[in-house]
Amino acid sequence: MDGYVPSAVEQKWQRLWEARGTNTYTREELENAEDPFYNLMMFPYPSAEGLHVGNIYAFTGADVHGRYQRLRGKTVFEPMGFDAFGIHSENFALKIGTHPMDLIPSNVKNFTRQLRRIGGMFDWEHSVDTTDPSYYKWTQWIFLQFFKAGLAERKEAPVNWCPSCMTVLANEQVIGGECERCATPVEQRRIAQWFFRITDYAQRLLDNLDHIDWSDTTLKAQKNWIGRSTGAQLHFPVVNKDGAETGTKIEVYTTRPDTVFGATYVVLSPEHPLVESVTDARRRPPVYAYVDTASKKDLVARQKTDKTKTGVSTGGFCRNPATGELIPIWVADYVLMDYGTGAIMAVPGHDTRDFEFAEQFDLPILRVVAAAGDNADTPLEEAYVGPGRLVNSGDFTGMDVAESVEAVTDWVSGQGWGDGKINFRLHDWCISRQRYWGPPIPIVHCEACGPVAVPEADLPVVLPRVEDFKPDDSGVSPLARAEEWYRTTCPECSAEARRETDVSDTFLDSGWYFIRYPSSDFDDKPFDSAITKNWLPVNTYIGGNEHAVLHLLYSRFITMVLKDLGHIDFEEPYDVFRAHGLIIADGAKMSKSKGNVIVPDPIIEEFGADTFRTYLMFLGPFGEGGDYRPQGIQGPFGFLHRLWDTSVSAGQGEPDPDVERKVHQTIRQVTDQLPALGYNTAIAAMMECLNVIRSGGRSAVRAEIEPLVVMIAPFAPHMAEELWERFGHEGSVFDGANWPEFDASKVVESMAKVAVQVNGKLRATISVPKDALEADVIATARAEDNVARHIEDKDERRVIHVPGRLVNFVVG
RNA sequence: GCCGGGGUGGUGAAAUCGGUAAACACAGGGGACUUAAAAUCCCCCGGGCUUCGGCCCUUGCGGGUUCAAUUCCCGCCCUCGGCACCA
């Protein structure tokens, strides 16, 4: 008998798959595919280190799903590509002094080699590389569709700026107000940037969450991120020194319009346009100084919540429209310009932030909500935000807060100084990056015509190879130094003009790649409509929850817009999304600094890809991740060896009835668990089954072992192919609906094991016929020595019988 | 602070429409086979007590509901991930 040699089997089948085109499709095959199943996984960023275990874990879990669908007879399209633009590649390239245009291709090559080695069912004929001009040509095309539809606009926005690195920093690169690399204090700068108007779609992005089948945690993350809140927008009239209205009104947004009677001051954000006009002449120096300081702070420090509140009085006043009283106007950086109207009515009695601020600056705190047991004069030790009744609130005094929001809003809008309003936390999507390594934004700036779209026929706007791509003090992209590149003529008036020198965000690259995959061989269009119709939306998308918000939200948004513009006929890109867990080592996230990074190549070398895949799927629930322990791989390794030995030595003949029952039970369980991504328990069930088949050293007949070979195929595809061939089948196990069926009549047990308890404590276990009468089961249970001992001399109060599970005697 | 996971043997974990807690596997121990080793097969493996029949305790902690709670309810603690003054 020949033994299992993983490397030989794996090389053989990887060669055969490639030669036969087992996993690749031609254009005609994609057009005509029957029962198509688009199995998508999040494409990787091809780092210089190569694939890490986390990647392999995610891809294997997704590949298992695709292979299972294929064994069920679906035509499964499972593409793989590379998300290779962006700041990570660029910083790494700068660090090692290699140009990203040289670095990325070699990383991609290495990734491809590793990906082939783990035995994924990837269609390499339909790969994408976001840095390839043939791909980003269409990323630019998408930008143009947004631009033409009025969904892309240029406006000033603050960014983090490190004066030492001379670069724009992302929020996560600012640690404690300092640059993560050089510890220089970070400043804020205002730069004109391109935005996509995702907030126009906020409500739809939220509503659709109700009818897509996604992991619950992901849905919740999206919901929170969109952050819909209902409230009201109120106007507070500004008054002059004599108390007369100036005609200017401060718009505030509040979710608690019912507490307006308790608004004892108003706060403007430092960036608010009314700051200047409401400030009293004598208060200008401190107010301007405060605004100046606030604008210099980096964006992260600006939003820190644990610092003590700062602010400055403007000396100006406005009228609380509910009480008619004059209240002061302050400026404070705890009010953010980007949310609501950039101004708030402060209700210190019932908002913790306002309370804190009022204490700090000795502003009046008024109670307008009383909890049960409190009255209008009960002093407030802290802001009260709970339920209760309105007090000190004019005609509304006495009303329950549960109804008061609506009632006050109605009153306010009747009075004409406000209206109900819905707000979203979601901001417009800033897609500009003042960086080099990304697709140039396809816009030409012309003195006369303003920003003009590059004609689609002129795409792609190729990113030029510039050797000096280091960012500098200008705060604009390194492309702004490539004069021969950016100088051009206006597509509309032919005057001298200048190209946009910002590149776009990588989330734009990854926002539509799944649409490109099946059409990746078309040069003349981003996607073919017939193929797109046949394959999209994606059936199952598997990826990490770290992308629960941004990537998934942006790709939903792009899909929605493409639908509205008539390019596609669906608006949600992924029917099913499942988040996988994180793989950790020694109870901690893998990281170089901890020295617990698992390098996959030597493991595959030693045990083979099939064992590695099976182990990764076995070590914990796929949705939750697990702890990688090097020794644990012995389990699946031994299991696959035993499965091999059992298969190659299997004889002909009738299956043993007990073994056959176990096999059918196993088919049922695995068929149940695989589509639900219950991989670890499915593998355990197969191990258990093999243990029964081999128990006492018995050898199997083929009918007993063959279903197991097919069921292990998603996990150990190479080995399954080899054994399938040795069983005498033609071609690949994955060509055809070869998944085994279980026979319900062969699953049932004739005897049931029943637990016998006395007062809930286990006293015996009995075996009774499955269809035994209740009276007989109870009689058998009562007759057990150890049961009889515990119930004699006692009152029997109740007997509980759960058929097939237990009998419980309640005595006392 | 808020949102979302999660806390079960020496270890990774299973079992959550309430019904025998610890399946499967790793590590460990014992045995069979072998000249030997590997492989394979069999047995033990949460803690304590035991007259070897069993008994008691045990799913982060404290309460509760129930004949019965890892599972449901209330109040805590710890931990991981995400968000962070969102008015």
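Quick note on labels: first sequence line is chain A, next is B, and so on, each numbered from 1. Owing to the predicted nature of the structure, the values given are computational and were not obtained by experimental measurement.
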Looking at every strand, decide which applies to [X] at a 4.0 Å heavy-atom threshold: base, sugar-phosphate, or nothing.
X        : answer
A/Phe618 : base
A/His547 : nothing
A/Asn423 : nothing
A/Gly227 : nothing
A/Arg698 : nothing
A/Gly696 : sugar-phosphate

Any side-chain N or O of [X] under 4.0 Å from OP1/OP2 of [N]?
X        : N     : value
A/Arg763 : B/C55 : yes
A/Tyr339 : B/A87 : yes
A/Asn680 : B/A14 : yes
A/Arg425 : B/C85 : no
A/Arg694 : B/C41 : yes
A/His801 : B/C67 : no
A/Arg797 : B/C67 : no
A/Arg629 : B/G12 : no

[N] - base-pair partner by Watson-Crick or wobble geometry, distances under 3.5 Å:
N     : value
B/C52 : none
B/G9  : none
B/A87 : none
B/C41 : B/G31
B/A23 : none

Give the nucleotide from the list [options] with an atom nearest to the side chain of [X].
X        : options             : value
A/Tyr334 : B/C55, B/C85, B/A87 : B/C85
A/Arg789 : B/A25, B/C3, B/G54  : B/G54
A/Met687 : B/A25, B/A87, B/U40 : B/A25
A/Thr217 : B/G5, B/C57, B/C24  : B/G5
A/Pro621 : B/A13, B/C41, B/C3  : B/A13
A/Thr681 : B/A15, B/A87, B/C67 : B/A15

Qualifying residue for salt bridge (charged side-chain N to carboxylate O under 4.0 Å, His left out) with A/Glu704, from A/Arg694, A/Arg661, A/Arg698: A/Arg698
Can a donor-acceptor pair be found between the side chains of [X] and [Y] at a distance below 3.5 Å?
X        : Y        : result
A/Asn545 : A/Thr217 : yes
A/Asn423 : A/Ser229 : no
A/Arg763 : A/Gln757 : no

N/O donor-acceptor pair under 3.5 Å between [X] side chain and [Y] backbone:
X        : Y        : result
A/Trp214 : A/Ala579 : no
A/Tyr290 : A/Thr310 : yes
A/Asn759 : A/Val811 : yes

Would you classify B/G82 as syn or anti? Syn applies when the glycosidic angle is within 90° of 0. anti
Does B/G53 count as syn, meaning its glycosidic angle lies within 90° of 0, or as anti? syn
Could you check if a side-chain atom of A/Leu268 sits within less than 4.5 angstrom of a side-chain atom of A/Val335, using non-hydrogen atoms only? no
In whole angstrom, give the distance that lies between atom CG of A/Asp627 and atom P of B/G10. 16 Å
Separation of B/A87 P from A/Asp354 CG (nearest whole Å): 12 Å
Euclidean distance for P, B/G18 against B/G30 (whole angstrom): 45 Å
Please enumerate all protein N or O atoms sitting under 3.5 Å from an N or O of nucleotides 19-22 of chain B, with distances to 0.1 Å.
unit_1: B/G19; atom_1: O2'; unit_2: A/Arg805; atom_2: NE; d: 3.3
unit_1: B/U20; atom_1: OP2; unit_2: A/Arg805; atom_2: NH2; d: 2.9

Would A/Val756 and A/Arg782 satisfy side chain to side chain contact (heavy atoms under 4.5 Å, CB included), going step by step from the backbone distance to the final call? CA-CA 9 Å; A/Val756 184; A/Arg782 199 193 301 281; over 6 Å; no
